[in-house]
K.L.:
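Right, I'll just put the structure down here and ask away after.
A, B, ... follow the sequence lines: proteins, then strands. Residue 1 opens every chain. Every value quoted in this text rests on a predicted model; they were computed, and no experiment measured them.
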Protein chains: 2
Amino acid sequence: MRIGELAEATGTTTKTLRFYEEAGLLPPAHRASNGYRDYGPDAVTRLDFIRRGRAAGLTLAQIREVIDIRDAGQTPCSHVHDLLTIRLTDIDRQIADLQGLRATVARLCHEAGRAEPAACDAEDVCRYL
Amino acid sequence: MRIGELAEATGTTTKTLRFYEEAGLLPPAHRASNGYRDYGPDAVTRLDFIRRGRAAGLTLAQIREVIDIRDAGQTPCSHVHDLLTIRLTDIDRQIADLQGLRATVARLCHEAGRAEPAACDAEDVCRYL
DNA sequence: CTTGACCTTCCATCGTGCTGGAAGGTTCAC
DNA sequence: GTGAACCTTCCAGCACGATGGAAGGTCAAG
């Protein structure tokens, strides 16, 4: 299949596919006689893997690590487990940070809702922030 | 005070202070006879306001909006309230997204922990992701 | 035979908030 | 007088994941 068909089939764009190839996430595509990229069905499988990795919040670099392990003939299972463990810790920290931030912003927002502009000091820009 | 002293006093860097001036967050500093920037105590107040805005997760552009309203002689209270309300909605959405993501990653991580490499299909890179 | 939809490469740009470094001027202590 | 520690401007680049556009080749339908 051609690049536009693959993009259509996987819900992405030709730009992104060329970018992924450049980034080593897709193997260099076989070329038809006219120079057009010619993909087999395994490209769809590969892109689905990339999509799952992105959905899990992995970076393209991390996804590439996993692909490289597989392409080197190893099984990437344990590395995937490591990546997911780190990711989980990171997500938990992000959630905790956001919950702290939410409390702060909610308090400020509540105060700003009952603001008395006259009480503000111009030099301080806004006392409700 | 000179730029290095202001940076020291506010816990930032001279690079950042020049960047803020360029971005319109700090008014162009008065210059001493040798061309050095010369700041008054109000610069500390202004930087403290910027720091509070950053801590609330506002972008520099949003902080600048507030500053511009104040510098135009208006009271920015209601705009601050609007910004904080939007920010709160956004934070709640981010938290919800992350909690959904956490569930996904936790499940994958659990499965990957009891992985059987032999059961993996090489074309699929890793079935645990 | 032309039009339009594809495809190719290459290079630049987005947003966000800085950060680094070069090349040079100023000031102060020793 | 010299060296360090400041300061100045200007231009480049980082991460991240694409996205836009120019200039040109290819192919099938009408």
K.L.:
Counting only side-chain heavy atoms from C-beta out, which of D:dG17, C:dT19, D:dT19 sits nearest to B:Thr13?
P.N.:
C:dT19
K.L.:
Between B:Leu60 and B:Tyr20, does the side-chain contact (heavy atoms from CB on, under 4.5 Å) criterion hold? Intermediate values first, please.
P.N.:
CA-CA 9 Å; B:Leu60 296 184; B:Tyr20 280 177; 3.9 Å; yes
K.L.:
Indicate every side-chain donor-acceptor pair of residues 11-18 of chain B with a distance under 3.5 Å to a residue at least two apart or in another chain.
P.N.:
residue, atom, partner, partner atom, Å
B:Thr13, OG1, B:Thr16, N, 3.1
B:Thr13, OG1, B:Thr16, OG1, 2.9

K.L.:
When the side chains of residues 33-41 of chain B are checked against the rest of the protein, which donor-acceptor pairs come out under 3.5 Å, sequence neighbours left out?
P.N.:
residue, atom, partner, partner atom, Å
B:Asn34, OD1, B:Tyr36, N, 3.0
B:Arg37, NE, B:Glu21, OE1, 3.0
B:Asp38, OD1, B:Met1, N, 3.3

K.L.:
If you only use heavy atoms from C-beta on, which nucleotide in D:dG17, C:dC10, D:dC7 is closest to the side chain of A:Lys15?
P.N.:
C:dC10
K.L.:
To 10°, what angle do the rotation axes through the five end pairs on each side of the helix from C:dC1-D:dG30 to C:dC30-D:dG1 form?
P.N.:
30°
K.L.:
Assess the residue pair B:Arg46 and B:Asp42 against the criterion (salt bridge (Lys or Arg N to Asp or Glu O under 4.0 Å)); give the C-alpha distance rounded to whole Å, side-chain angles, the decisive distance to 0.1 Å, and a yes or no.
P.N.:
CA-CA 6 Å; B:Arg46 171 63 62 98; B:Asp42 51 335; over 6 Å; no
K.L.:
Distances under 3.5 Å between protein N/O atoms and the N/O atoms of nucleotides 27-30 of chain D, please, pair by pair.
P.N.:
residue, atom, partner, partner atom, Å
D:dC27, OP1, A:Asn34, ND2, 3.4

K.L.:
For A:His79, give me all partners under side chain to side chain donor-acceptor pair (under 3.5 Å), at least two apart in sequence or on another chain.
P.N.:
A:Glu65
K.L.:
Does C:dG25 have OP1 or OP2 sitting under 4.0 Å from an N or O in the side chain of B:Arg31?
P.N.:
no
K.L.:
Begin from the C-alpha positions of A:Arg87 and A:Ile91 and carry the test side-chain contact (heavy atoms from CB on, under 4.5 Å) through to its verdict.
P.N.:
CA-CA 6 Å; A:Arg87 188 77 193 100; A:Ile91 290 170; 3.8 Å; yes
K.L.:
Determine: side-chain N/O of B:Thr16 to OP1/OP2 of C:dT19, distance under 4.0 Å, yes or no.
P.N.:
yes
K.L.:
For A:Arg37, which contact category applies under a 4.0 Å heavy-atom criterion: base, sugar-phosphate, or nothing?
P.N.:
sugar-phosphate
K.L.:
Carefully, step by step, assess B:Leu47 and B:Arg51 under the rule side-chain contact (heavy atoms from CB on, under 4.5 Å).
P.N.:
CA-CA 6 Å; B:Leu47 281 163; B:Arg51 192 193 50 70; over 6 Å; no
K.L.:
In chain order, what residues pass the side chain to side chain donor-acceptor pair (under 3.5 Å) check against B:Arg54, with sequence neighbours excluded?
P.N.:
none
